[in-house]
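Atoms considered below: every heavy atom in the structure, side chains included; atoms not considered: hydrogens, waters and symmetry mates.
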Amino acid sequence: MPPMTYIADKFNYSYQGNLFQHYAVFFTHFTDLTGADGVFSVGQFWFILYLFLISLIAVGIILLQRKIMHRKDIDIPHVLIFLWGLPLPLFSGVLSIGRKSLVEYAYIFLVGYYIFSNDDVINKVEKWKWMFLCIGITATIFNVYLFIWSDAQQTLLNAIAKYVSEWFMISSLLGIGKEYLNFNGKLSKYMSKRSYTFYIFHFIWVVLFQYLLFHACSGPIILLYVLPVLFAYGATLLCCEIGNRVSLFSFLRCVRIFKRRYKN
């Protein structure tokens with residue numbers, strides 16, 4: 001995390017010190033934990049932290065529910081799938097750390113457990129996936145336009161577009177995954193062994209290449225998205241191969257080193 005916040009500090013606030021001097025800033029200043037202001041951040045590991053906390057919350061809720069009623073006794077109107085996204089704006093500011101609401105993500109987690117674990121619901125989502133995708137993409141474009149290019153500040157419309165995009169993109173991707181990604185193959189097995197390592201390393205490379213190419217690339221702005229992603233993913237896969245074969249790196253990541261008897 002310190003290298004990423006160092007880059008953020010140099011880019012956003014013209015920090016003049018070097019990386020090692022910036023460690024003092026990183027460990028002594030605490031704000032919203034995003035790292036965008038160049039101080040302490042958990043970076044991409046916010047997801048693991050939230051998943052751990054949400055799992056603890058969900059265990060309590062599920063145990064309480066089992067004492068009150070059986071899950072099979074819960075009658076849910078599956079046809080109104082889109083309505084389950086309506087509470088999201090209400091939760092967005094509750095227990096929000098770094099603009100990420102613990103309550104909002106806990107709600108999505110529980111909806112996944114109680115609603116989307118039902119085969120009938122998933123089958124309906126699969127059937128409506130393209131309609132959901134069109135709604136999600138339209139809302140995403142509208143959201144980006146309002147946030148970046150609109151001259152007038154439209155806070156309410158921006159929020160509506162954001163949460164419509166969030167809910168329908170989640171629903172559409174579940175449906176698309178159900179139809180097209182529900183299989184095992186050499187590539188999926190290869191990536192599944194490296195998914196956690198990829199998650200750990202990818203963000204630092206994305207930030208680094210975006211910072212470097214911002215100063216070096218004078219072409220279309222789309223290149224500032226495509227090129228950093230391509231370079232970063234290549235570097236991340238290289239880190240995965242090294243990290244999964246070196247005992248020290250595996251120990252630091254709390255994962256087992258690949259055994260030679262396993263095919264890589």
Query - Aromatic ring pairing Tyr105/Trp46, orientation class (parallel under 30°, perpendicular over 60°, tilted between) - result: tilted

Report task. Find out whether Tyr107 and Leu88 are in side-chain contact, i.e. whether some heavy atom of one side chain is under 4.5 Å from a heavy atom of the other. Result -> yes

Query raised in the report: Which is it for Thr138 and Phe168 under the side-chain contact (heavy atoms from CB on, under 4.5 Å) test, yes or no, and what are the steps along the way?
Result: CA-CA 10 Å; Thr138 301; Phe168 282 98; over 6 Å; no

Report summary line: Between the CD1 atom in Ile135 and the CH2 atom in Trp130, the distance rounded to the nearest 0.5 Å is 14.0 Å

Query raised in the report: If you draw the axis of the six-membered ring of Tyr196, does the NZ or CZ of Arg194 fall within 45° of it and under 6.0 Å from the ring centre?
Result: no

Report task. Would you name the heavy atoms of Leu223 and Pro228 that are closest together and state the gap between them? Result -> O-CD, 3.3 Å

Query raised in the report: Which of parallel (below 30°), tilted (30 to 60°) and perpendicular (above 60°) describes His202 and Phe198?
Result: parallel

Report task. Starting at CD1 of Ile108, measure out to CD of Glu104 and round the result to the nearest 0.5 Å. Result -> 5.0 Å

Query raised in the report: With sequence neighbours excluded, what pairs up with Thr140 under the side-chain hydrogen bond (donor to acceptor under 3.5 Å, both in side chains) test?
Result: Ser165

Report task. Return yes when atom CZ of Phe45 has more than 12 non-hydrogen atoms of other residues, nucleotides or ligands closer than 6.0 Å, and no otherwise. Result -> yes

Query raised in the report: Should Leu110 and Phe52 be regarded as members of a common hydrophobic cluster, given that ILVMFWY residues are connected when their side-chain heavy atoms come within less than 4.5 Å of each other, either directly or indirectly?
Result: yes

Query - Qualifying residue for ring-ring contact (aromatic ring centres under 6.0 Å, His included) with Phe209, from Phe203, Tyr233, Phe231 - result: Phe231

Report task. Give a yes-or-no answer on whether the side chains of Gln210 and Tyr225 include a donor-acceptor pair shorter than 3.5 Å. Result -> no

